[in-house]
Amino acid sequence: MFRDMRRKKQCLSVEECVTILKKGTSGVLAVLGEEAYPYAVPISYLYEDEKIYFHSAKSGHKIDAIKQNSKASFCVIDQDHVVPEEYTSYFRSVIVFGKVRIMEDEQEKYRAIERLAMKYAPDDSVENRKKAIEREWKPLCMLELTVEHMTGKEAIELVKKKQKIDKD
Ligand SMILES: Cc1cc2nc3c(=O)[nH]c(=O)nc-3n(C[C@H](O)[C@H](O)[C@H](O)COP(=O)(O)OP(=O)(O)OC[C@H]3O[C@@H](n4cnc5c(N)ncnc54)[C@H](O)[C@@H]3O)c2cc1C
């Protein structure tokens with residue numbers, strides 16, 4: 001069911017997609033919500049080894065939807081540079097499809113939240129991080145999305161810019 005991109009020239013390489021996912025600080029997770037309404041919700045994340053980790057509360061629209069249907073997609077916008085005089089945006093983004101699993105194993109869950117915390121607060125002390133995790137531990141739910149399909153796309157203007165640099 002996964003589709004190739006129509007505009008092949010604008011396709012980003014796997015390495016470029018991974019760089020964007022590692023660098024980004026938020027994305028939009030789309031799940032199938034109640035009565036088949038798609039639910040697209042902004043969220044922080046960690047990308048590691050073809051998996052994306054999220055933290056969440058144990059209840060709510062997002063978690064209920066995932067329990068009903070594990071299939072999801074996740075989109076990260078790397079750049080949205082609006083160029084008014086050209087009526088366009090020099091954009092770059094990545095879209096991932098995969099299935100989301102609620103992490104049950106305590107150790108696995110701890111490792112994931114620890115790595116997520118290190119992404120967002122890399123300079124915090126080990127002790128502080130541990131305290132923060134312990135404070136949030138009880139209501140915390142960790143989610144793992146396994147990437148099944150990933151594409152990245154950039155505006156044609158950015159492709160042309162790259163080609164010009166390569167030529168010069
Ligand atoms: C940049 C960013 C990063 C975030 N990072 C995280 C994170 O790492 N983990 C996390 O759990 N949450 C994060 N949030 C908050 C997240 O978007 C949700 O609000 C939260 O996860 C609760 O989702 P829920 O489905 O359980 O909410 P519920 O309260 O069950 O949702 C009920 C309804 O509220 C509305 N709603 C919920 N969230 C939003 C929203 N953000 N904006 C507008 N309407 C909304 C929707 O209509 C939804 O159907 C982040 C938000 C932003 C903008």
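Here the structure is a predicted model, which is why all the values come from computation and not from measurement. Each ligand, and each atom within it, is numbered from 1 in the order the structure gives.
Heavy-atom separations between Phe54 and ligand 1 are all 4.0 Å or longer.
Checking Pro42, Gly60, Gly33, Ala65 against atom 2 (C) of ligand 1, the nearest heavy atom belongs to Pro42. Considering each of Tyr53, Tyr39, Tyr120, the one bringing a non-hydrogen atom nearest atom 25 (O) of ligand 1 is Tyr39.
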Pair Ser93-Lys153, side chain to side chain donor-acceptor pair (under 3.5 Å): steps then yes or no: CA-CA 6 Å; Ser93 57; Lys153 182 175 177 178; over 6 Å; no

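Lys162 has no carboxylate O lying under 4.0 Å from a charged side-chain N of Asp166, or vice versa, which leaves the two without a salt bridge. Electrostatic pairing of Lys109 and Glu104 does not count as a salt bridge here, judged by no charged N lying under 4.0 Å from a carboxylate O. Looking at Lys131 and Glu127, a side-chain N of the basic residue comes within less than 4.0 Å of a carboxylate O on the acidic one, giving a salt bridge. One finds no salt bridge joining Glu154 and Arg7 here, because no Lys/Arg side-chain nitrogen approaches an Asp/Glu carboxylate oxygen to under 4.0 Å.
Given atom 22 (C) of ligand 1, the protein heavy atom at minimum distance is Lys62 NZ, 4.4 Å. The closest protein non-hydrogen atom to atom 28 (P) of ligand 1 is His61 N, 3.9 Å. Protein heavy atom closest to atom 10 (C) of ligand 1, with residue, atom name and distance, is His55 O, 3.4 Å. For atom 18 (C) of ligand 1, the nearest non-hydrogen atom of the protein is Val41 CG2, 3.7 Å. Protein heavy atom closest to atom 1 (C) of ligand 1, with residue, atom name and distance, is Ser26 CB, 3.8 Å.
Under a cutoff of 6.0 Å and an axis angle of 45°, Lys119 and Tyr45 form a cation-pi pair.
With hydrogens and angles left out, the side-chain atoms of Lys99 and Thr146 include no donor and acceptor closer than 3.5 Å.
Under 4.0 angstrom from ligand 1, there are no non-hydrogen atoms of Tyr45.
Taking distance alone, with nitrogen or oxygen atoms compared against 3.5 Å, Ser44 approaches ligand 1 more closely than that limit. For ligand 1, none of its N or O atoms has an N or O atom of Ser56 under 3.5 Å away.
Within the 4.0 angstrom cut-off, atom 45 (C) of ligand 1 has no protein heavy-atom neighbours. For atom 39 (C) of ligand 1, no protein heavy-atom neighbour is found at a distance under 4.0 Å. For atom 14 (N) of ligand 1, a protein heavy-atom neighbour is found at a distance under 4.0 Å. Closer than 4.0 Å to atom 49 (O) of ligand 1 lies at least one heavy atom of the protein. Distances from atom 31 (O) of ligand 1 to the protein include at least one heavy-atom value under 4.0 Å. The nearest protein heavy atom to atom 42 (N) of ligand 1 is not closer than 4.0 Å.
Every atom of ligand 1 with a heavy atom of Ile43 under 4.0 Å away is listed here by number and element: 3 (C), 4 (C), 5 (N), 6 (C), 7 (C), 8 (O), 9 (N). For ligand 1, the atoms sitting less than 4.0 Å from at least one non-hydrogen atom of Ser59 are 26 (O), numbered in the order shown with element in parentheses.
Note: the hydrophobic cluster containing Leu46 does not contain Ile95 (ILVMFWY, side chain heavy atoms under 4.5 Å, direct or indirect links).
The side-chain heavy atoms of Thr151 and Val94, taken from C-beta on, include no pair separated by under 4.5 Å.
Ring geometry for Phe54 versus Phe74: interplanar angle over 60°, hence perpendicular rather than tilted (30 to 60°).
Between the His149 side chain and the Asp4 main chain, no donor and acceptor come within less than 3.5 Å of each other.
Atoms OG1 and CD1, from Thr25 and Ile43 in turn, are 13.0 Å apart once rounded to the nearest 0.5 Å.
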